[in-house]
Amino acid sequence: MASQAVTPQSVDFSKWYNEIVYKADLVAQSPVRGCFIIKPYGYELWEAIRNSLDKSFKETGHQNAYFPLFIPESYLKREAEHVEGFSPELAVVTIAGGKTLEEPLVVRPTSETIIGEAFSEWIQSYRDLPLLINQWANVVRWELRTRPFLRTTEFLWQEGHTAHATEADAEAETLQMLDIYANFAIHEAAIPVIKGRKSNVERFAGALRTYTVEGMMGDKRALQSGTSHNLGQNFAKAFDIQYLDEANTRQYCWTTSWGLSTRMVGAIVMAHGDDTGLRLPPRVAPIQLVIVPIFRSEDEKAPVMQAVDQLKAALNAAGIRLRVDDREGLRPGFKFNDWEMRGVPLRMEIGPKDVDNNSVVLARRDVPGKEGKQFVSQENIAATVAELLDTVQASMLQQATVFRDANIHDIQSYDQLQQVMEAGGWARGWWAGSDDDERRVKEETGATLRCIPLEQPAGGGRCFMTGQAAGEVALFAKAY
RNA sequence: CGGGGCGUGGCGCAGUCCGGUAGCGCGCACGGUUUGGGUCCGUGAGGUCGUGGGUUCGAAUCCCGCCGCCCCGACCA
């Protein structure tokens, strides 16, 4: 069937996304609205994300644990801002075992409360700090509107929770984890995210400060791809997380939490996809290389498959994730399109002519059409492929960075903000507005304050909205 | 909850205005053909037309009720 995909830069980007996640076999519909089945190919992509992050967590001294799905309703109520923030989207169990429960159980929307309760028992002394815990889990948030990966009723994520002796330690942890997210997004997912701080309006319910990494999608909208919160002493006070310091006096801990979800899968799809379908960065692609053998007859098939077996062995030995498409009855052209739609970064074509010449064709997914094809020798194929995968990885980051930078516009006035939002893109300008000003921006232009970037220009200027003196620039964009 | 739309084989749809044998494309199964950019031909399987009632000799089609889903808005990793 011919691909009906539209250009991701067009107004039909949403439609393109909804179609491609199904066609590329990432996801399937489920019986429950807002919940989606993640199919093996999509799950492998999530596993690649998970494995990379988990490695970074371990390297920075974090340990995995697992906390219960059900949280007593009273726990959420202990932190006022937190419960207010999450109440509208909670799923609550009131009946179990055929009886009405004395206290309803909340299906976790996040686990600060139950982990805070545990921390209060685990932590006695400054010697117990820092306590660095992460969990891989599912959470449920009953959102009104959902989309595969980007906003689902149930989603998979990791949530890190840490406790520290000092505010400085907590802040350092918060920023360290933000760096891990940013490094993953940039170097693995090839999405050049911008690190920044959230405004009061966008801050996590109960946090002192929230940091974010924001990525630009193919339609120039922003997507928050990971967050890290400095919770201050808010949860420590709500859950009585205290320790005895070296002077034998009781002190409240400073805690953090940080999370990255299956939304990252959607980010990768939306940041890189094109007319033909997905484009997956080699470092996270479940299949990095697909080999398409080409032959007309059984006589031609034997030598081709023999060469394929040899190439496959060499590539496997080098740790390259590959698949041989030996499906019968399908023409090569069909297979080319099929794997391009699924985003496989590199394709190897090998037919009788190549066997004679000791060559193969390698086709890059990041360069469209025939220009992405090249003949290479079968000698040292593993090294050739590995190098080309690195090239594709770098090229995809480069393309995404050029696209991002071309679509961030510096603004000096509210008019300019409105113009940028109408035309599409991100707006960057000096900002000293109030929370109400920020809400007005959202109402009138559809843009939200995505973040106050950590990297700031020198000096200061006048707020583009209020004209007041401003010391920081902020990024505004329409977001998912 | 406000505004708009849709429920017909696995998926996408036509048929509804004007009632009269349930159709098309894709997919699936089988046989043949084909393979360097989305092969072609043939045969076949598969549908309580969302649901309940009403009108009628006869309802996918007309009337009334109900249910479900999608899109836009409010909420959001």
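These figures come from a predicted structure and were not determined experimentally. The sequence lines fix the lettering, A, B, ..., with proteins before strands; numbering per chain opens at 1.
- Side-chain atoms of A:Phe334 lie closest to B:U39 of the nucleotides B:A77, B:G36, B:U39.
- The gap from the C1' atom of B:A59 to that of B:G50 amounts to 16 Å, rounded to the nearest Å.
- Heavy atoms of A:Lys442 sit under 4.0 angstrom from primed sugar atoms or phosphate atoms, though from no base atom.
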Any protein N or O atoms within reach of nucleotides 68-71 of chain B? Criterion: under 3.5 Å, listing atom names and distances.
residue : atom : partner : partner atom : Å
B:C70   : OP2  : A:Arg33 : NE           : 3.1

Seminar exercise, completed: Per-residue pairing states of RNA chain B in dot-bracket (Watson-Crick or G-U under 3.5 Å; . unpaired, | other strand) read ((((((((.[[[[.)....(..]]]].(((((.......))))).....[[[[[..)....]]]]])))))))....
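- Shown here are the side chain to side chain donor-acceptor pair (under 3.5 Å) partners of A:Lys77, two or more places apart in sequence or in another chain: there are none.
- Counting non-hydrogen atoms under 4.0 angstrom, A:Thr153 reaches nothing in the nucleic acid.
- By the side chain to side chain contact (heavy atoms under 4.5 Å, CB included) test, A:Val376 is found to be paired with A:Val360, A:Leu362, A:Gln374, A:Ile381, A:Thr384, residues two or more places apart in sequence or in another chain being considered.
- Atom C1' of nucleotide B:U34 and atom NZ of A:Lys335 are separated by 12 Å, given to the nearest angstrom.
- Candidate nucleotides B:A74, B:G36, B:A77 were compared by shortest atom distance to the side chain of A:Val361, and B:G36 ranks first.
- The base of B:G37 lies close enough to the side chain of A:Lys373 for a donor and an acceptor atom to sit less than 3.5 Å apart.
- Computed from coordinates, the A:Lys23 NZ to B:G12 C1' distance equals 11 Å when rounded to whole Å.
- A:Arg147 comes within 4.0 angstrom of no nucleic acid atom, judged by non-hydrogen atoms across all strands.
- Every ring pair (Phe, Tyr, Trp, His ring centres under 6.0 Å) that A:Phe67 has, sequence neighbours left out, goes to A:Trp122.
- A:Phe155 comes within 4.0 angstrom of a base, heavy atoms only.
- Residue A:Asn337 places its side chain closer to B:G37 than to any other of B:G37, B:C75, B:A77.
- Of the residues in residues 292-313 of chain A, A:Ile294, A:Phe295, A:Arg296 come within less than 4.0 Å of RNA chain B through at least one heavy atom, sorted by number.
- Every residue meeting the ring pair (Phe, Tyr, Trp, His ring centres under 6.0 Å) condition with A:Trp258, not counting sequence neighbours, appears here in chain and number order: A:Phe57, A:His62.
- Residue order along RNA chain B, read from the 5' end via each residue's closest nucleotide, puts A:Glu349 first among A:Glu349 and A:Leu150.
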Give the table of side-chain donor-acceptor pairs shorter than 3.5 Å for residues 48-55 of chain A, with sequence neighbours excluded, one pair per line with atom names and distance.
residue : atom : partner  : partner atom : Å
A:Arg50 : NH1  : A:Tyr43  : OH           : 3.3
A:Asn51 : ND2  : A:Glu47  : O            : 3.2
A:Asp54 : OD1  : A:Asn64  : ND2          : 3.0
A:Asp54 : OD1  : A:Trp136 : NE1          : 2.7
A:Asp54 : OD2  : A:Lys58  : NZ           : 2.7

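- Taking side-chain N and O atoms only, A:Arg331 has a distance below 4.0 Å to OP1 or OP2 of B:G36.
- The A:Arg263 side chain lies nearest to B:A77 when the options are B:A77, B:G38, B:C75.
- Residue contacts shown for A:Glu340 include a base, since a base heavy atom lies under 4.0 Å away.
- Mapping A:Ser225 and A:Leu144 onto RNA chain B by nearest heavy atom places A:Leu144 closer to the 5' end of the strand.
- Note that A:Arg263 lies outside the cation-pi zone of A:Phe155, set by a 6.0 Å cut-off to the ring centre and a 45° limit from the axis.
- For A:Arg209, the side chain to side chain donor-acceptor pair (under 3.5 Å) partners are A:Glu171, A:Tyr211, not counting sequence neighbours.
- Using a 4.0 Å heavy-atom criterion, one finds that A:Thr227 contacts no nucleic acid atom at all.
- Under 3.5 Å, the side chains of A:Glu202 and A:Thr448 contain no donor-acceptor pair of N or O atoms.
- Applying the ring pair (Phe, Tyr, Trp, His ring centres under 6.0 Å) rule to A:Phe476 yields the partners A:Trp431, A:Phe464; only residues at least two apart in sequence or on another chain are considered.
- For A:Arg440 and A:Tyr414, the positive end sits near the middle of the six-membered ring, less than 6.0 Å away and at most 45° from its axis.
- Here A:Phe295 pairs with nothing under the ring pair (Phe, Tyr, Trp, His ring centres under 6.0 Å) rule; sequence neighbours left out.
- Residues satisfying the side chain to side chain donor-acceptor pair (under 3.5 Å) test with A:Ser434, not counting sequence neighbours, are A:Asp437.
- Proximity note for A:Asp338 (side chain, C-beta onward) versus B:G38, B:G36, B:C75: the nearest is B:G38.
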